[in-house]
*Asks:* 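Below is a structure I'd like to ask you about.
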Amino acid sequence: MPELPEVETIKNDLAKSLVGMRITGLWWDSPKQLKPSPQMVEDNIIGTTIEKIERRAKIIQFFLSNQKILIVHLKLTGRLLIRDRKEPADKWAHIILRLSDNLDLRFCDMRKFGYLRIMSDEKELDEVLKEFGPEPFTPEFTVEKFKKILSVFSLPIKILLMDQKKIAGVGNIYANEALFLAGINPRIQANTLSNGQMVQLFHCLLKVLTEGIKFRGASDQSYLDAFGREGEYQKHFRVYQQDNKSCPNKCGGKIVRMKLGGRGTFYCPKCQKL
DNA sequence: CATGGGTCCTGAGTGC
DNA sequence: TGCACTCAGGACCCAT
């Protein structure tokens, strides 16, 4: 599933290839995934030029020449593929933007949880984006800010890490990996971590996110970049989906899978004690 | 503020 | 071989 590193990779691919392109058409077979409605999206994008493409949290933003912004959330199984129009149809393609130079931007989504949404102006976009917590890799994401957030909540630390309102962009893969690297049990209440543990976790989180970007994301089930290529980070998972394998720290223990907040959670009981 | 449940959706996996 | 069933999960919504 696309998290910060995967969405960042896709955004960079798109920015490289699509800035300056004109949107000439829209095709869809899944109306619910075009918000607020297919007609509204169509009316606001046709004939515009893509001026800038950015990412905030797991959301990709296309800034258009008419000052509207098209945002995309890939959720669990969404893909954005740049294709030549004559290339064969992609599996699970539900929305296609027709672009200049005979290009398609194909939104494919097996589970149909993702969406495209047109924002009428920057103000409306800001209303959405301001709900997110601090963005990793920006100056506002400091160790002090991180510690402050953790100290306010008694939630299990893994649930806090994945809460987009608290910290932006972190999902299940990178939360599991960061907690393992930091040697912190996913169930521990955030506000009971020691200063040292919080500092450690801050650095481990940035480390795994950096690794994820370096390896162009993790293709554990359905993720592909904008050119249809798999990422490599799944080859470097320490604990995510590694249940029953021996702990990478060679502690002699085995990685265990449990449920936390309804989500698959992977950890080493010996290295990440409660 | 915390916690737990339901919702969206469909491919993959299991059991018979 | 095929049918019925369960499971997975990001974000959001609701009730308690």
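Protein chains get the first letters and strands the later ones, always in sequence-line order, with residue 1 at the start of each.
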*Asks:* Need one value for A/Lys75: base, sugar-phosphate or nothing, where a base atom within 4.0 Å counts as base even if backbone is also close, heavy atoms only.
*Replies:* base
*Asks:* What integer distance in Å separates A/Asn176:CG from C/dG9:C1'?
*Replies:* 13 Å
*Asks:* Provide, to the nearest angstrom, the distance between the CG atom belonging to A/Leu74 and the P atom belonging to C/dG9.
*Replies:* 18 Å
*Asks:* Just the rounded figure in Å: distance from C1' of B/dA12 to NZ of A/Lys91.
*Replies:* 11 Å
*Asks:* Less than 4.0 angstrom between a side-chain N/O of A/Lys112 and OP1 or OP2 of B/dC8, yes or no?
*Replies:* no
*Asks:* It should be established whether A/His73 places a side-chain nitrogen or oxygen under 4.0 Å from OP1 or OP2 of nucleotide C/dG10.
*Replies:* no
*Asks:* What does A/Ser154 touch in the nucleic acid at a heavy-atom separation under 4.0 angstrom: a base, only the sugar-phosphate, or nothing?
*Replies:* sugar-phosphate
*Asks:* Keeping A/Thr24 on the side-chain end and A/Arg98 on the backbone end, is there a donor-acceptor pair under 3.5 Å?
*Replies:* yes
*Asks:* For the pair made of CD in A/Gln241 and C1' in B/dA12, what is the distance, rounded to whole Å?
*Replies:* 13 Å
*Asks:* How would you label the contact of A/Lys259 with the nucleic acid (heavy atoms, under 4.0 Å): base, sugar-phosphate, or nothing?
*Replies:* sugar-phosphate
*Asks:* Would one find a side-chain N or O of A/Lys32 under 4.0 angstrom from OP1 or OP2 of B/dC9?
*Replies:* yes
*Asks:* Looking at A/Trp92, I'd like to know whether one of its side-chain N or O atoms comes within less than 4.0 Å of OP1 or OP2 on B/dC9.
*Replies:* no
*Asks:* I need the A/Leu260 CG to A/Asn185 CG distance, nearest 0.5 Å.
*Replies:* 8.5 Å
*Asks:* Does A/Gly264 reach a base, just sugar-phosphate, or nothing at all? Heavy atoms under 4.0 Å.
*Replies:* sugar-phosphate
*Asks:* Decide, yes or no, whether a salt bridge links A/Lys68 with A/Asp43 under the criterion of side-chain N to carboxylate O below 4.0 Å.
*Replies:* no
*Asks:* Under the 5.5 Å and 30° test, is A/Phe113 stacked on the base of C/dA11?
*Replies:* no
*Asks:* Taking it one step at a time, do A/Tyr174 and A/Tyr233 satisfy ring-ring contact (aromatic ring centres under 6.0 Å, His included)?
*Replies:* CA-CA 11 Å; A/Tyr174 296 92; A/Tyr233 195 48; 5.6 Å; yes
*Asks:* Could A/Lys130 and A/Asp126 be called an ion pair, given the rule that one side-chain N must be under 4.0 Å from one carboxylate O?
*Replies:* no
*Asks:* In whole angstrom, give the distance that lies between atom CD1 of A/Ile173 and atom P of C/dG9.
*Replies:* 10 Å
*Asks:* When you check the phosphate oxygens OP1 and OP2 of C/dG10, does a side-chain N or O of A/Arg263 lie under 4.0 Å from one of them?
*Replies:* yes
